[in-house]
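Contents: one structure, followed by commentary.
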Number of protein chains: 2
Amino acid sequence: MDLLAPMRTFVRVVETGSFTAVAREASTSQPTISRQIAALEAHLGARLLTRSTRALTPTQDGRAFYEHARRALEAVGEAENAVGRRRGRPSGTLKLSIPVVFGRLHVVPRLGRFLARYPELSIELAMGDGFADLVEQGIDLAIRVGVVQDQGLVARRIGTVRRLAVAAPSYLRRRGAPDSPAALASHDCIAYTRLATGNRWHFQGRDGPIAVDITGRFATDSSEGVREAVRVGLGVALIPAFAISDEVRRGRVRVLLRDYEPTPLPLSLVYPSRRLVPLKVRAMADFLAREFAPDGPGKAPPTESGG
Amino acid sequence: MDLLAPMRTFVRVVETGSFTAVAREASTSQPTISRQIAALEAHLGARLLTRSTRALTPTQDGRAFYEHARRALEAVGEAENAVGRRRGRPSGTLKLSIPVVFGRLHVVPRLGRFLARYPELSIELAMGDGFADLVEQGIDLAIRVGVVQDQGLVARRIGTVRRLAVAAPSYLRRRGAPDSPAALASHDCIAYTRLATGNRWHFQGRDGPIAVDITGRFATDSSEGVREAVRVGLGVALIPAFAISDEVRRGRVRVLLRDYEPTPLPLSLVYPSRRLVPLKVRAMADFLAREFAPDGPGKAPPTESGG
DNA sequence: TATGATCCATACGGTTTTCGTATGAATGGA
DNA sequence: TCCATTCATACGAAAACCGTATGGATCATA
């Protein structure tokens, strides 16, 4: 029997919660949907949906099958897109995860162009800075700032993020400004806990690299949290230039240690490793790599060529 | 239209090179096969096969589609196996990669039991010691000795491999036996180039770990090569106990430095990371983990619990 | 509580599709 | 040169499919 049509139908039924709605969507009759689901259940030997007239709920089997079916349908779509008249025309839904601040400032504004170029592709956007659970959440592609250490993921470096050591005027009035990285040891430093480097800050001085073990009484796993903490004068922090330059321009925070450049962070594309990378992932990865290339199409590229 | 049947048919056609053969195999008529392929080509808008009456050759598109189709069919199969009457019954073909020596001695003898337990599953066995290209080769699951460092792969430790420092009597007559790891520096040491540790050998002595930088004039990426080199007296080597104990028992090689245990190597299962690990991979992984567990069903487990 | 609306399952008849047999064209080997 | 084999196509029968109509059940609302 044909499995694809019932599988497609089932996926939509789970997502809409209604046979009738799916029938309308597919320009067919409700009994057709009903029959497809029934045939699917008979074929699998399992009840997939709990019918209660007013509400359709997937059973435990139904939820499991839904996940597998989505995956299988995507694989079939990839096969169709691999050759012939649909070659190179990515379709389906791309689940993209981007850092909160960087994403808002630099990625989201560019997505319109991407969507226009690939009309058969949709984007489901997840914003977050964490490395964990990309696979678990079914993320197809992620942008991450910092060293990628996850096993099971492939990283492709697309640029470098400059950082600045910054503090608010109120903090500097109270505690003075450090005149060297070493002086940070006696300052309140705000740690961003997502970076592997943790409580050690690295700088490039004129005479080579400098590492400082910092201390402080405030740490957070949110990049926006770091910025807010700096703004209200909680301490000194290293913040990507793109995320803080506005505040600097307005005089709300000051740049410190101008002779010492904090070690730049890599900007990477991260995706689950597969033998056949889905077309849609490749399309988005290439798009982003080109957008953020040093001489790419972006007017004000936030990154600099890798170093 | 139904795509699955044509895709299945196409895969078999590529593999057998004949419409007629596939028709017999599927208990149907040759025109049915012919029509399915034609419909598939029409749907994709690409010619998949070059027909020359006596020989069917996949076109470039055909080869590409074949790869994608196999993947998609496997995903569909996984969906079917996830629920209902076929739940937990892995099917299809599992591509397994195992180390040459370890595999021959300890894995292959156990596969019969595995195949008996899962009658709908076939195994395609690749023997090799390298970490590279597991994804490229389409390996579903690999056993590896040593530290797994590949990005894009998930490693699951299932045991530990003891090693012995060994040399042939002929070599020992010529060069004497080292009385401590440090003495190895002035011996001909045979390096196994696949280990990340390279030219540094690690031992556990009574007073803690010892590391020795070794030198030598023979290195190889083949574990059998190391063993042969030892046998013919080329030098001293660290060899897994399971691979050399026979030779030791027959007196063909001698164990050195009995007071210093070479640091054991991890024995790991390695597979590409995915959200939904295929049932067949899970089945094999669990089987192997149980077989090689310290108190597992194997009569003479070659491994010891992790340390 | 009663009524109406909505939703899913099932029966039925007509249409479409599918499939196997028979046949033709082409190629490679004897 | 002839024969055997292979894939493509035509045709008629059989099967599958689909939409309409209908029934049973539940929830919202009066």
Side-chain angles (χ1 to χ4, degrees), chain A residues 1-63 65-66 69 76 80 83-84, chain B residues 1-63 65-66 69 76 80 83-84:
Chain A
M1 71 168 280
D2 178 23
L3 268 183
L4 284 190
M7 278 169 73
R8 279 190 242 271
T9 299
F10 174 71
V11 165
R12 289 304 296 149
V13 166
V14 169
E15 284 163 359
T16 64
S18 158
F19 286 19
T20 310
V22 175
R24 271 197 301 270
E25 181 179 297
S27 305
T28 183
S29 63
Q30 167 265 317
T32 297
I33 308 299
S34 197
R35 274 191 291 259
Q36 283 187 352
I37 300 297
L40 185 61
E41 290 181 323
H43 173 78
L44 296 172
R47 182 149 274 257
L48 299 176
L49 296 169
T50 305
R51 285 95 156 158
S52 51
T53 311
R54 278 296 173 174
L56 287 176
T57 318
T59 62
Q60 193 170 350
D61 274 351
R63 278 192 295 275
F65 187 76
Y66 171 81
V76 172
E80 289 182 290
V83 302
Chain B
M1 71 167 282
D2 178 24
L3 269 182
L4 284 190
M7 279 169 72
R8 278 190 242 270
T9 299
F10 173 72
V11 165
R12 289 304 295 147
V13 165
V14 169
E15 285 163 0
T16 63
S18 157
F19 285 19
T20 310
V22 175
R24 273 197 300 272
E25 181 178 298
S27 306
T28 182
S29 64
Q30 169 264 319
T32 297
I33 307 299
S34 198
R35 273 191 292 259
Q36 283 188 352
I37 300 297
L40 185 61
E41 290 181 323
H43 173 77
L44 296 171
R47 182 149 274 258
L48 298 176
L49 296 169
T50 305
R51 286 95 156 158
S52 50
T53 311
R54 279 295 176 176
L56 286 177
T57 319
T59 63
Q60 193 170 350
D61 273 352
R63 279 191 294 275
F65 187 76
Y66 171 80
V76 171
E80 288 182 291
V83 302

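Residue numbering restarts at 1 for every chain, and letters A, B, ... go by the order of the sequence lines. Quantities reported herein were computed from a predicted structural model and do not represent experimental measurements.
- For the pair F19(B) CZ and dT5(D) C1', the computed distance is 15 Å after rounding to whole Å.
- Distances shown here put a side-chain N or O of S34(A) below 4.0 Å from the OP1 or OP2 atom of dA9(C).
- For the OP1/OP2 pair of dA26(C) and a distance below 4.0 Å, the side-chain nitrogens and oxygens of S52(B) include no atom meeting the criterion.
- The line from NE2 of H43(A) to CD of Q36(A) is 13.5 Å long, rounded to the nearest 0.5 Å.
- Along DNA chain D, the nucleotide closest to A38(B) and the one closest to R24(B) are compared, and the more 5′ of them pairs with R24(B).
- The separation between L56(B) atom CG and dT5(D) atom C1' is 13 Å, rounded to whole Å.
- For the pair T32(B) and dG20(C), the criterion of a side-chain N or O lying under 4.0 Å from OP1 or OP2 is met.
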Item to check | Step-by-step side-chain contact (heavy atoms from CB on, under 4.5 Å) determination, V22(A) to T28(A) | outcome: CA-CA 8 Å; V22(A) 175; T28(A) 183; over 6 Å; no
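- As rounded to whole Å, 16 Å separates atom P of dA25(D) from atom CZ of R51(A).
- More than 12 heavy atoms of other residues, nucleotides or ligands shown are found within 6.0 angstrom of CD on E25(A).
- Between atom CZ of residue F65(B) and atom CG of residue L49(B) there is a gap of 10.5 Å, rounded to the nearest 0.5 Å.
- Rounded to a whole Å, the CD atom of Q30(A) is 10 Å from the C1' atom of dT10(C).
- Between the CZ atom of R35(B) and the OG1 atom of T9(B) there is a distance of 12.0 Å, given to the nearest 0.5 Å.
- Relative to the side chain of S18(A), the nucleotides dA21(D), dC8(C), dC7(D) differ in distance, and dC8(C) lies closest.
- Nucleotide dC18(D) holds its C1' atom 15 Å from the CG atom of D2(A), rounded to whole Å.
- When the nucleotides dT9(D), dC8(C), dC19(C) are ranked by their closest atom to the side chain of R35(B), dC19(C) comes out on top.
- In this structure, the CZ atom of F10(B) is 14 Å from the P atom of dC7(D), given to the nearest Å.
- Here dC7(D) presents its P atom at 10 Å from CG of L49(B), a figure rounded to the nearest Å.
- A straight line from CG of L48(B) to P of dC7(D) spans 15 Å, rounded to a whole angstrom.
- In this structure, of dC8(C), dC7(D), dT21(C), it is dT21(C) that holds the atom nearest to the side chain of S29(B).
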